Amino acid sequence: MTQKKQAGILGLGAYLPERILTNADLEKMVDTSDEWIRTRTGIRERRIAEKGTATSDLAVKASLEAIQNSGLKPSDLDLIILATVTPDMIFPSTACILQNKIGATCPAFDLSAACSGFTYGLALAEGLIRSETYKHILVVGAEVISGFINWKDRSTCVLFGDGAGAAVIGETHDGHGILATYMGSDGSQARLLQIPAGGSAIPPSISSIETGLHYVQMDGAEVFKSAVRTMGDAIQEITKRAHLTIQGIDCLIPHQANLRILNAVSDRTKIPIEKIFVNLDRYGNMSAASTIVALYEAVKEGKIKKGSTVVMVAFGSGLTWAACALRW
Ligand code: UT7
């Protein structure tokens with residue numbers, strides 16, 4: 001019997017806008033405090049793209065680094081999957097805009113799974129590599145979410161930030177690469193986290209803008225509970241699928257929404273908090289960019305080394321959740 005190909009990450013890239021918005025800055029904008037934001041979320045600062053910056057602009061920088069680190073050229077790519085909830089425009093896809101900006105010629109499409117989008121993209125890319133449909137796939141998570149935030153709503157504006165991360169997926173050998181993937185969705189909870197207007201259900205209008213329906217809206221407490229439950233369950237499921245044990249996980253790369261969520265996931269799964277990579281203090285919640293930027297930084301900081309067992313886990317609007325186990 002012929003062994004199926006194994007897929008894995010060949011190169012990583014990330015880009016964060018230079019402008020830093022601190023909790024002290026937010027104190028001047030809404031009725032909040034550094035103390036509230038730090039203790040309720042763990043966030044200290046976030047990056048905000050300059051006015052006029054599109055999601056594809058951040059994606060270009062992250063993608064070119066990932067392609068370079070994989071030893072490839074943009075013309076070597078066979079497919080681009082770009083996960084975002086803040087596309088440059090409704091159509092064409094941001095992936096097509098990125099394809100042109102980096103000088104690639106392959107098929108390209110956007111993937112909508114909110115904060116789980118990058119991890120969904122990894123699952124898709126793995127299948128396409130293993131089935132030998134494509135050889136080199138660029139998976140990107142990129143957001144300029146600052147343009148969709150009501151900067152007068154303290155319950156949401158302190159939480160989010162802009163950023164982008166990218167990975168080139170291709171064939172890997174000797175047991176290194178993606179061990180298992182898992183995706184889940186529950187559309188019955190869609191209302192918990194959404195931008196209601198701007199699509200076909202509520203097309204943009206003066207009234208949609210006046211009532212703030214084109215901004216992120218969230219039932220924070222309910223989303224919090226679902227995040228802890230679904231990320232905990234997804235970790236159990238991926239551990240089973242990859243034939244791992246909880247103790248065998250060297251580094252957990254979770255979606256970066258709230259430090260209290262990560263502490264609760266640690267309690268629920270018994271993964272020690274020291275093994276959970278955290279950078280939300282510096283970037284806040286970057287939706288689809290969160291897990292990939294965290295993976296990039298964990299590798300750069302030496303928290304993930306050759307042979308490390310890594311689990312990525314994400315959760316977001318949809319509701320969606322996803323996990324991926326890798327041997328680095
Ligand atoms: O990417 C998708 C995943 N997203 C998430 O996972 C987010 C999940 N949810 C959360 O992280 C938390 O629910 C929040 C951080 C959003 C909120 O924390 P919480 O502990 O659930 O606070 P709360 O919404 O229950 O609000 C508690 C109080 C309220 O005041 P009252 O009604 O008790 O007087 C809020 O008005 O805190 C108030 N509050 C704030 N106070 C100061 C809400 N936002 C702020 C703020 N500054 N920024």
Side-chain angles (χ1 to χ4, degrees), residues 21-46 83-86 112-120 141-146 148-163 165 183-187 189-195 215-235 252-266 268 276 278-281 283-294 312-323:
L21 185 73
T22 64
N23 291 349
D25 296 328
L26 282 161
E27 283 177 350
K28 295 179 202 131
M29 296 161 64
V30 284
D31 179 16
T32 191
S33 66
D34 171 51
E35 203 263 337
W36 191 96
I37 302 170
R38 266 189 302 102
T39 54
R40 305 310 293 168
T41 73
I43 301 167
R44 291 169 185 274
E45 58 187 46
R46 66 289 290 143
T84 188
V85 289
T86 55
S112 177
C115 309
S116 312
F118 181 83
T119 317
Y120 264 56
E143 307 282 6
V144 178
I145 203 157
S146 54
F148 300 85
I149 299 294
N150 180 353
W151 289 101
K152 293 189 174 128
D153 174 10
R154 69 176 183 175
S155 71
T156 53
C157 76
V158 303
L159 304 174
F160 296 95
D162 301 333
M183 298 185 280
S185 307
D186 178 6
Q189 303 300 309
R191 61 169 181 84
L192 293 184
L193 179 49
Q194 57 181 355
I195 296 179
Y215 290 132
V216 171
Q217 301 188 348
M218 176 168 68
D219 180 338
E222 284 304 313
V223 171
F224 189 109
K225 281 187 259 170
S226 299
V228 174
R229 182 172 42 80
T230 56
M231 287 208 289
D233 291 352
I235 291 166
L252 183 77
I253 304 288
H255 176 49
Q256 307 279 322
N258 187 320
L259 189 57
R260 287 189 297 135
I261 292 179
L262 302 187
N263 281 320
V265 166
S266 168
R268 197 181 161 101
I276 302 182
V278 179
N279 64 4
L280 62 87
D281 51 324
Y283 305 130
N285 179 348
M286 298 185 290
S287 186
S290 269
T291 45
I292 174 60
V293 171
M312 299 175 76
V313 65
F315 164 84
S317 165
L319 299 176
T320 57
W321 55 92

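When a ligand or atom number is given, it counts from 1 through the structure's own listing order. Keep in mind the model is a prediction, meaning the values are calculated, not measured.
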- Query: Should the proximity of N285 to ligand 1, defined as any heavy atom under 4.0 Å, be assigned to the side chain, the backbone, both, or neither?
  - Reply: side chain
- Under 4.0 Å from one or more heavy atoms of V158, ligand 1 contributes atoms 48 (N)
- Hey, which atoms in ligand 1 end up nearer than 4.0 Å to a heavy atom of L193? 2 (C)
- Query: In Å and rounded to the nearest 0.5 Å, what is the CG to CG distance from L26 to L21?
  - Reply: 4.5 Å
- Side chains of T84 and E143: donor-acceptor distance under 3.5 Å anywhere? yes
- T41 side chain to R38 main-chain N or O, any donor-acceptor pair under 3.5 Å? no
- Note on the structure: d(I43 CD1, F160 CZ) to nearest 0.5 Å is 8.5 Å
- Message: Considering both backbone and side-chain atoms of S33, is one of its nitrogen or oxygen atoms within less than 3.5 Å of a nitrogen or oxygen in ligand 1?
- Response: no
- Considering all heavy atoms of both residues, which atom of W321 and which atom of Y120 are nearest to each other, and what is their separation? O-CE1, 3.5 Å
- Task: Would you mind listing which atoms of ligand 1 come within a distance below 4.0 Å of any non-hydrogen atom of T41?
- Result: 15 (C)
- Between the CZ atom in F315 and the CG atom in L193, the distance rounded to the nearest 0.5 Å is 7.5 Å
- Query: Which of the listed options, R154, M286, Q256, M218, holds the heavy atom that is closest to atom 35 (C) of ligand 1?
  - Reply: R154
- Note on the structure: shortest atom 11 (O) of ligand 1-to-protein heavy-atom contact is with N258 ND2, 2.7 Å
- Subset of ligand 1 atoms that lie under 4.0 Å from at least one heavy atom of S155: 44 (N)
- Note on the structure: Note: heavy atom closest to atom 47 (N) of ligand 1, options D31, L26, T32, belongs to T32
- Item | Between T230 and D233: side-chain donor-acceptor atoms closer than 3.5 Å | no
- Nitrogen or oxygen of S317 less than 3.5 angstrom from that of ligand 1: no
- Task: Number the atoms of ligand 1 from 1 as they appear, then name those within less than 4.0 Å of a heavy atom of A257, with their elements.
- Result: 3 (C), 4 (N), 5 (C), 6 (O)
- Task: Indicate yes or no for a side-chain donor-acceptor contact from Q194 to the backbone of S317 under 3.5 Å, with no hydrogens or angles considered.
- Result: no
- Query: At a non-hydrogen distance cut-off of under 4.0 Å, which region of V30 contacts ligand 1 (side chain, backbone, both, or neither)?
  - Reply: neither
- Any protein heavy atom lying closer than 4.0 Å to atom 33 (O) of ligand 1? no
- Task: Flag atom 18 (O) of ligand 1 as yes if some protein heavy-atom distance to it falls below 4.0 Å, otherwise no.
- Result: yes
- Note on the structure: Rounding to 0.5 Å, atoms CG (L252) and CE (M312) come to a distance of 10.0 Å
- Message: I need the minimum non-hydrogen distance between A289 and G165, along with the two atoms involved.
- Response: CB-N, 4.4 Å
- Query: Any idea which of I261, L159, N23 brings a heavy atom closest to atom 6 (O) of ligand 1?
  - Reply: I261
- Task: Please write down residue, atom name and distance for the protein heavy atom closest to atom 25 (O) of ligand 1.
- Result: A221 CB, 4.9 Å
- Message: Taking CZ in R268 as the centre, count heavy atoms belonging to other residues, nucleotides or ligands within less than 6.0 Å. Is the count above 12?
- Response: yes
- From the options F160, F315, W36, select the one whose nearest heavy atom is closest to atom 26 (O) of ligand 1. W36
- Measuring from the heavy atoms of I37, does anything fall under 4.0 Å of ligand 1? no
- Note on the structure: Closest to atom 21 (O) of ligand 1 by heavy-atom distance, out of K225, H255, R260, is R260
- Item | Atom indices of ligand 1, in the order listed, that fall short of 4.0 Å to a heavy atom of C115 | 1 (O), 2 (C)
- Message: If you take the nearest heavy atom of each of E27, E35, M231, R40, which one is closest to atom 20 (O) of ligand 1?
- Response: R40
- Task: May I ask you to identify the nearest protein heavy atom to atom 3 (C) of ligand 1, giving residue, atom name and distance to one decimal place in Å?
- Result: V223 CG1, 3.8 Å
- Message: Within this structure, what is the CG-OG distance for the pair L159 and S287, rounded to the nearest 0.5 Å?
- Response: 12.0 Å
- Per-atom contact, atom 29 (C) of ligand 1, protein heavy atoms, under 4.0 angstrom: no
- Message: To the closest 0.5 Å, what do you measure between NE2 (H255) and CD1 (I292)?
- Response: 14.0 Å
- Closest non-hydrogen contact found for A257 with N285 is CB-ND2, 3.8 Å
- Task: Please report which non-hydrogen protein atom sits nearest to atom 9 (N) of ligand 1, along with the residue it belongs to and the distance in Å to one decimal place.
- Result: G220 O, 3.0 Å
